[in-house]
Amino acid sequence: MRTSWADSVANANSLAGAASGSNTTPSSASVAGAASRPNRASYVPPHLRNHPRSEIATPAQPDGPAAIVRRSSFSGPSGDSRLGSGGAVATRDFGHSTAGGGRPLGGGGWNSRTGGWDRGRDREVNPFANEDETTDAVFNEQQNTGINFDAYEDIPVETSGDNVPAPANTFAEIDLGAALNENIRRCKYVRPTPVQRHAIPIALAGRDLMACAQTGSGKTAAFCFPIISGIMNSPLVQKPRGARIVFPLALILSPTRELSVQIHDEARKFAYQTGVRVVVAYGGAPIVQQLRELEKGVDILVATPGRLVDLLERARVSLSMIRFLALDEADRMLDMGFEPQIRRIVEQMDMPPQGVRQTMLFSATFPKEIQRLASDFLANYIFLAVGRVGSSTDLIIQRVEFVQESDKRSHLMDLLHAQRATGVQGKQALTLVFVETKKGADSLEHWLCLNGFPATSIHGDRTQQEREYALRSFKSGQAPILVATDVAARGLDIPHVAHVVNFDLPNDIDDYVHRIGRTGRAGKTGLATAFFNENSTSLARPLAELMQESNQEVPAWLGRYAARSLHVGGGGRNRRPGGGPRFGGRDFRRDNSLSRGGGGGDYYGVGASSGYGGGYAVAPGFTSAWD
DNA sequence: AAAAAAC
């Protein structure tokens with residue numbers, strides 16, 4: 001799939017180049033001799049590609065610093081004008097003028113001038129193509145009509161900060177312009193989700209954003225739409241020349257390779273026929289292919305930190321033109337030890353500083369490391385907290401069963417058999433099985449296969465190729481059972497996962513929440529089964545509390561374990577110090593202004609200095625806002 | 001303690 005996409009883009013580019021006589025987006029063939037060619041392609045923003053060349057100024061110094069050609073009042077990355085806010089206005093104007101022109105939506109882009117930027121773009125591979133031919137019509141039908149929008153309606157949302165832009169209730173109200181509107185339609189998005197309703201107007205207003213929301217909440221679209229819109233409306237920017245270095249305008253960082261791939265896939269749909277190019281870079285895959293994609297032009301770069309640092313060190317990517325920075329799953333990235341890389345990327349390379357670029361930070365929890373990151377990366381930001389999808393609507397049915405280690409396999413088999421018997425046409429519903437270790441994942445996969453269950457596995461010791469293959473065959477139903485470590489716990493959006501089994505429970509309740517969040521997505525119901533035994537007692541209390549919060553039946557024995565853990569100094573890092581069950585976080589700027597221990601309305605008196613993951617003790621009987 | 005992530 002990827003190959004054909006790359007190939008056809010290469011085709012489209014060389015065609016476009018041949019047709020216009022100016023090689024605006026160098027194909028791989030032209031790159032070879034590019035360095036010595038005097039009239040080498042210079043960057044042309046997407047909305048002006050294939051435009052008469054006279055309108056594009058040439059920089060005075062070929063290898064000098066970024067030359068910025070001003071079309072209107074744009075003052076450049078070092079200027080004081082926040083690009084985003086101007087972009088917001090332009091977005092709406094642009095949408096109206098196009099719609100007013102009566103041109104059919106998606107009819108080849110917004111530019112009606114002959115030889116518009118999008119000529120040759122009709123060869124862009126349709127990222128929606130394989131969705132229409134999805135084998136399982138049932139799934140499609142569900143997707144079209146079965147989305148339980150009511151599930152989204154009562155999700156609590158909280159915002160704080162200076163001059164918070166009003167949320168938008170419909171996409172029409174947001175009006176991102178014809179091309180994006182058409183992609184919204186193609187994505188079958190009917191109404192914006194809560195995070196989109198709030199985050200998109202905030203981002204379009206050019207504001208920095210700190211947000212607490214999960215991927216299933218529509219988070220990716222929430223930061224992609226404003227970025228794409230902002231780039232489409234960007235003033236004419238002349239990117240510096242350099243044979244082998246590229247200048248993305250937006251950077252999206254995410255912790256795992258699969259998540260980066262997923263964000264890239266989604267962003268490509270949102271950017272379809274907008275001329276905005278999205279490229280992904282991550283480790284474990286040959287870098288040459290990614291370099292080739294980058295050289296074809298990149299507006300939005302989605303990357304994992306390690307590979308990006310590599311690209312920066314090789315001087316193949318410059319961040320000097322970055323206008324939008326999005327950090328996804330920021331707490332996860334810190335957990336994984338990425339803080340040095342992230343700070344290196346954001347603070348020590350050539351990225352425009354805080355306040356000049358527009359920065360959006362997404363995190364599920366808010367330990368002090370995240371708070372520091374926020375104050376270092378964000379400027380006068382708006383805090384947005386969106387409740388968990390399903391938290392208030394019980395979309396995920398949670399079950400906990402007491403299973404000894406030695407009985408886990410046969411118990412899992414029972415579950416799978418029962419599922420097969422009650423499943424649609426005897427087919428195995430997609431089941432995601434989480435285990436603690438990579439070794440455990442391998443041996444369970446092997447054992448399942450031996451016993452006639454088509455299983456595959458995903459974990460960090462498998463090659464990237466194997467990981468992607470596993471994910472593909474799981475999604476397609478070829479291997480309807482996926483055994484996974486926590487590499488798959490967060491952010492991955494796999495449609496139609498009917499059942500999540502916590503074969504081994506995680507040690508952290510947040511990991512549990514993320515794992516079960518792989519099901520019950522897009523407003524559909526899901527089932528989560530956990531195998532509990534003596535080894536998982538530390539999770540008893542937070543698990544019982546979480547289940548109670550979400551109106552799940554808590555087995556009496558689990559309640560006893562939970563009560564017992566109270567007296568043995570239970571709690572610790574699994575206790576939730578702030579926020580509420582429906583709010584994964586809080587605006588700690590507000591905490592700072594509260595007197596310690598003085599209570600604080602919705603927020604308990606947990607100061608900014610006591611981090612969530614800090615392992616502090618909670619006195620027995622202490623009840624936080626989570627309780 | 002294990003997991004993830006650059007070569």
Side-chain angles (χ1 to χ4, degrees), chain A residues 215 251-264 279-291 294 301-317 319 327-346 348-349 363-365 369 405 432-445 457-468 470-471 482-492 502-515 518 533-539 572-574 613 615:
Chain A
T215 304
L251 174 65
I252 299 169
L253 286 176
S254 90
T256 65
R257 299 164 182 173
E258 280 76 13
L259 192 51
S260 286
V261 168
Q262 178 184 300
I263 294 169
H264 168 250
V279 177
V280 66
Y282 53 89
I287 201 166
V288 277
Q289 275 171 27
Q290 293 173 8
L291 286 173
L294 286 169
L301 176 59
V302 185
T304 50
R307 177 53 62 92
L308 179 60
V309 167
D310 190 7
L311 290 167
L312 292 167
E313 280 174 354
R314 292 171 186 234
R316 301 300 298 263
V317 170
L319 302 176
L327 298 138
D328 203 8
E329 309 275 355
D331 53 344
R332 185 66 166 177
M333 290 201 274
L334 296 198
D335 282 351
M336 289 164 63
F338 281 155
E339 183 161 3
Q341 285 101 315
I342 290 172
R343 286 196 178 272
R344 182 125 186 260
I345 291 164
V346 177
Q348 291 153 33
M349 305 302 291
S363 186
T365 60
E369 294 80 10
E405 285 302 324
L432 186 49
V433 183
F434 281 104
V435 295
E436 198 60 21
T437 65
K438 298 183 270 201
K439 248 175 79 178
D442 278 336
S443 75
L444 184 59
E445 176 203 1
S457 72
I458 184 166
H459 60 71
D461 272 356
R462 303 201 73 191
T463 67
Q464 193 55 27
Q465 222 176 7
E466 289 171 327
R467 283 162 58 161
E468 282 170 26
L471 213 48
L482 178 66
V483 184
T485 60
D486 268 330
V487 67
R490 295 198 185 208
L492 281 194
N502 274 290
F503 190 88
D504 300 318
L505 272 166
N507 294 312
D508 192 304
I509 191 67
D510 280 323
D511 289 331
Y512 173 83
V513 170
H514 276 102
R515 287 179 178 188
R518 297 315 97 203
N533 61 34
E534 251 83 20
N535 297 330
S536 28
T537 48
S538 71
L539 205 69
R573 66 174 273 102
N574 272 331

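Note on naming: letters A, B, ... go to the chains in the order of the sequence lines (proteins, then strands), and numbering restarts at 1 for each one. Side chains are part of it too, since the values below use all heavy atoms of this structure and drop only hydrogens, waters and symmetry mates.
Among the heavy atoms of the strands, none lies under 4.0 Å from A:G337. At a threshold of 4.0 angstrom between heavy atoms, the contacts of A:E313 include nucleobase atoms, whether or not backbone atoms are also involved. Nucleic acid contact for A:V487: sugar-phosphate only, since backbone atoms but no base atoms lie under 4.0 Å from a heavy atom of the residue. No engagement by A:D486 is indicated, since no non-hydrogen atom pair under 4.0 Å with the nucleic acid exists.
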- Is there a side-chain hydrogen bond (donor to acceptor under 3.5 Å, both in side chains) between A:E258 and A:Q262 once you walk through the steps? CA-CA 6 Å; A:E258 280 76 13; A:Q262 178 184 300; over 6 Å; no
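For B:dA2, the OP1/OP2 oxygens have no side-chain nitrogen or oxygen of A:K439 closer than 4.0 Å. One finds a side-chain N or O of A:R257 lying less than 4.0 angstrom from the OP1 or OP2 phosphate oxygen of B:dA5. Residue A:R467 has no polar side-chain atom (N or O) positioned under 4.0 Å from OP1 or OP2 of B:dA4. In terms of phosphate contacts, A:T304 brings a side-chain nitrogen or oxygen within less than 4.0 Å of OP1 or OP2 of B:dA6. Contact annotation: A:T256 does not reach the phosphate of B:dA5 (side-chain N/O to OP1 or OP2, under 4.0 Å).
Using a cut-off of 4.0 Å between Lys/Arg side-chain N and Asp/Glu carboxylate O, A:D508 and A:R515 are scored as not salt-bridged.
Across the protein-nucleic acid pair, A:L253 atom CG and B:dA6 atom C1' stand 14 Å apart, rounded to whole Å. Atom pair A:L539:CG and B:dA2:P shows a separation of 18 Å (rounding to whole Å applied). When the C1' atom of B:dA3 is taken as reference, atom NZ of A:K438 falls 7 Å away, rounded to whole Å. A:D461 places its CG atom 7 Å from the P atom of B:dA4, with the value rounded to the nearest Å. When rounded to the nearest whole Å, the span between CG of A:D511 and P of B:dA3 equals 13 Å. Across the protein-nucleic acid pair, A:D504 atom CG and B:dA2 atom P stand 13 Å apart, rounded to whole Å. Look at CG on A:L259: it is 11 Å from P on B:dA5, rounded to the nearest Å. Between the CG atom of A:L291 and the C1' atom of B:dA6 there is a distance of 13 Å, rounded to whole Å.
A donor-acceptor contact under 3.5 Å is not formed by the side chain of A:D335 with the base of B:dA3.
By the salt bridge (Lys or Arg N to Asp or Glu O under 4.0 Å) test, A:R314 is found to be paired with A:D310, residues two or more places apart in sequence or in another chain being considered. Partners of A:R257 according to the salt bridge (Lys or Arg N to Asp or Glu O under 4.0 Å) rule, which considers only residues two or more places apart in sequence or in another chain, do not exist here.
Side-chain atoms of A:S457 never come within 3.5 Å of backbone atoms of A:D442 as a donor-acceptor pair (strictly under, hydrogens ignored). Although no hydrogens or angles enter the test, the distance criterion places no donor-acceptor pair under 3.5 Å between the side chain of A:Q289 and the main chain of A:P286.
Nearest to the side-chain atoms of A:T437 among the listed nucleotides B:dA2, B:dA6, B:dA4 stands B:dA2. The listed nucleotides are B:dA2, B:dA4, B:dA6; the one nearest the side chain of A:Y282 is B:dA6. The listed nucleotides are B:dA1, B:dA4, B:dA6; the one nearest the side chain of A:H459 is B:dA4.
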